[in-house]
2 protein chains.
Amino acid sequence: MSEHTVSSYDEELTAIAGCIAEMGGLAETTVTNAVSALVTQDLELARATIKQDGRLDELLGEIEVKLVEIIARRQPMGGDLREIMAAGRISNDLERVGDLAKNVAKRVIAIDSDLKSKKLAIGVEHITELALGQLKNVLDAYTKQDAEAARQVREADSEVDAIYTSLFRELLTYMMEDPRNITQCAHLLFCAKNIERIGDHATNIAENVYYMVTGERLPEDRPKVDETGVVNA
Amino acid sequence: MSEHTVSSYDEELTAIAGCIAEMGGLAETTVTNAVSALVTQDLELARATIKQDGRLDELLGEIEVKLVEIIARRQPMGGDLREIMAAGRISNDLERVGDLAKNVAKRVIAIDSDLKSKKLAIGVEHITELALGQLKNVLDAYTKQDAEAARQVREADSEVDAIYTSLFRELLTYMMEDPRNITQCAHLLFCAKNIERIGDHATNIAENVYYMVTGERLPEDRPKVDETGVVNA
């Protein structure tokens with residue numbers, strides 16, 4: 001294989017990693033804007049966030065085309081193949097993160113704007129900080145090909161789950177206290193769940209980064225308890 | 001290309017379609033069992049359903065490996081490439097259907113068993129029948145490569161959405177009537193949403209079948225209103 005061919009292969013892989021980085025940045029912005037719109041009851045920002053999500057779908061499509069081309073042209077093996085498979089899975093996770101954020105933005109419009117909601121939404125803001133931190137850390141781990149950092153992201157997901165479980169219970173309490181809170185809190189329950197699932201996608205990405213870098217799977221998922229109280233072995 | 005090569009290529013494509021059919025059947029069973037466990041408060045069935053989901057993850061992994069092999073070996077173009085891309089996307093959707101059903105099964109265990117819940121869960125049973133019908137129809141459309149049937153599945157998704165919106169409101173009413181219903185109904189809200197999203201996955205599959213068969217995208221999504229009351233353009 002000529003030097004030129006090798007270099008161009010690297011360029012192709014770098015271009016794919018660049019698309020993933022673009023998707024990652026966009027996914028983070030979408031989540032930030034959706035939850036900011038929720039907490040400040042900013043309907044304009046919510047509408048803009050809903051529109052923004054389309055770009056993630058486009059990028060996913062572009063990455064798929066690039067991946068098929070590179071597989072067909074290069075017949076990658078070993079670490080290169082793992083890198084390509086990881087890119088496919090990670091881009092899927094990032095597109096799903098965008099969908100979840102879009103759903104939060106849609107609920108901003110559904111929740112009638114009143115002062116009470118701002119107080120009730122604060123818990124969602126808190127879990128979002130954690131989930132966004134997870135997303136940022138795992139995207140850094142991907143860029144730096146850092147398996148240990150990826151492992152730590154998966155480890156830290158239990159914190160997001162714990163916050164979610166307590167938020168779930170808190171929102172139910174608000175519902176029980178005053179039936180007028182019920183509709184709003186129902187939407188906030190879904191918002192909180194969406195953010196918790198963004199944490200799960202960060203975990204998926206972490207597992208794929210770890211496998212991409214090391215060629216080995218992380219040991220079985222730790223036992224995980226969610227708000228359903230069921231251990232998810 | 002020799003006759004033999006062509007035949008073997010077809011065999012590879014048929015094997016992939018066979019895996020998709022297996023995933024489809026398993027996804028349908030998982031949904032049926034999860035909701036049956038919910039309505040009859042059958043904890044044993046719920047636990048068995050949670051375990052069953054692992055097989056869908058395995059099949060997804062097997063399909064991915066097959067797809068990469070076939071792309072690397074055959075450099076598919078045109079309709080063959082569309083078939084392969086569709087298989088990748090459809091298998092992802094089916095794996096997600098299994099995850100959603102698993103989440104319903106976990107909530108069966110979380111909901112304290114009492115007679116009231118059976119009544120409240122009936123609405124979930126109804127939307128499930130519709131969503132399962134959608135899933136069955138779109139898998140038939142895939143097997144028969146029937147673009148028109150796929151188009152009809154996408155069209156019919158608005159019915160699932162309408163039932164979901166009315167179920168969402170009904171469950172909120174039960175919560176407002178009696179605070180003792182709140183925890184159970186919160187879980188049922190998530191169950192209903194999961195089933196509605198299974199309908200969305202059937203729609204995704206329909207769009208992929210249509211594109212696979214015709215090489216053309218279905219026209220822009222119809223405007224869609226969900227329980228958030230926001231038109232999803």
Side-chain angles (χ1 to χ4, degrees), chain A residues 46-47 50-51 54 60-61 64-65 67-77 81 84-85 88-89 92 96 99 102-112 168-169 171-183 185-187 189-190 193 197 200 226-233, chain B residues 46-47 50-51 54 60-61 64-65 67-77 81 84-85 88-89 92 96 99 102-112 168-169 171-183 185-187 189-190 193 197 200 226-233:
Chain A
R47 287 194 195 96
I50 293 168
K51 277 189 195 153
L60 177 63
E64 275 184 354
V65 170
L67 293 177
V68 168
E69 277 174 7
I70 200 169
I71 294 169
R73 194 143 15 93
R74 308 286 186 177
Q75 287 103 45
M77 308 277 285
L81 180 57
I84 285 164
M85 301 285 277
R89 289 171 167 217
N92 257 304
R96 301 264 324 128
D99 280 349
K102 182 167 81 170
N103 186 267
V104 171
K106 285 165 66 184
R107 290 180 193 276
V108 175
I109 302 172
I111 295 175
D112 289 330
F168 178 84
R169 292 189 179 149
L171 288 167
L172 292 196
T173 311
Y174 292 139
M175 289 169 143
M176 289 169 192
E177 275 170 15
D178 187 344
R180 285 169 297 179
N181 288 334
I182 285 178
T183 303
C185 284
H187 285 298
L189 276 178
F190 280 110
K193 185 70 188 169
R197 287 174 56 221
D200 289 342
D226 61 22
E227 95 282 9
T228 64
V230 179
V231 175
N232 181 7
Chain B
R47 288 195 194 93
I50 292 167
K51 277 189 196 155
L60 177 63
E64 275 184 354
V65 169
L67 292 177
V68 168
E69 277 174 6
I70 199 169
I71 294 169
R73 195 144 13 94
R74 308 288 186 175
Q75 287 101 44
M77 307 276 285
L81 179 57
I84 285 163
M85 302 283 278
R89 290 172 166 215
N92 258 304
R96 302 265 321 129
D99 280 348
K102 182 167 79 170
N103 187 268
V104 171
K106 285 164 65 186
R107 290 181 193 277
V108 175
I109 302 171
I111 296 175
D112 289 329
F168 178 84
R169 293 189 178 149
L171 288 167
L172 293 195
T173 312
Y174 292 139
M175 290 169 142
M176 289 169 193
E177 276 170 14
D178 187 345
R180 286 169 297 178
N181 289 334
I182 284 177
T183 303
C185 283
H187 285 298
L189 276 178
F190 280 110
K193 185 70 188 169
R197 286 174 56 220
D200 289 343
D226 61 22
E227 95 283 9
T228 63
V230 179
V231 175
N232 179 8

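Scope of the values below: all heavy atoms of this structure, side chains included, with no hydrogens, waters or symmetry mates. Fair warning: this is a prediction, and the values are worked out from it, not measured in the lab.
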- Note on the structure: Note: vs chain A, highest number of non-hydrogen pairs under 4.5 angstrom among B/Ala186, B/Pro179, B/Ala72 is B/Ala72
- Can you see which heavy atom on A/Ile71 is nearest to which on B/Val68, and at what distance? CG2-O, 3.7 Å
- Message: Is B/Glu69 in contact with chain A via its backbone, its side chain, both, or neither, using a 4.5 Å heavy-atom distance?
- Response: neither
- Item | Proximity breakdown for A/Arg89 and chain B, heavy-atom pairs closer than 4.5 Å | side chain
- Heaviest contributor of heavy-atom pairs below 4.5 Å to chain B, chosen from A/Leu67, A/Leu172, A/Asn92, A/Ile70, is A/Leu172
- Query: Charged N to carboxylate O under 4.0 angstrom, B/Asp99 versus B/Arg96?
  - Reply: yes
- chain A contact via B/Leu81 - side chain, backbone, both or neither, heavy atoms under 4.5 Å: side chain
- So, does B/Asn181 use its side chain to make a donor-acceptor pair with the main chain of B/Tyr174 at under 3.5 Å? yes
- Message: Is the shortest side-chain heavy-atom distance between B/Arg180 and B/Met175 below 4.5 Å?
- Response: no
- Task: I would like to know whether B/Arg47 and B/Val108 meet side-chain contact (heavy atoms from CB on, under 4.5 Å); could you show each step before the answer?
- Result: CA-CA 9 Å; B/Arg47 288 195 194 93; B/Val108 175; over 6 Å; no
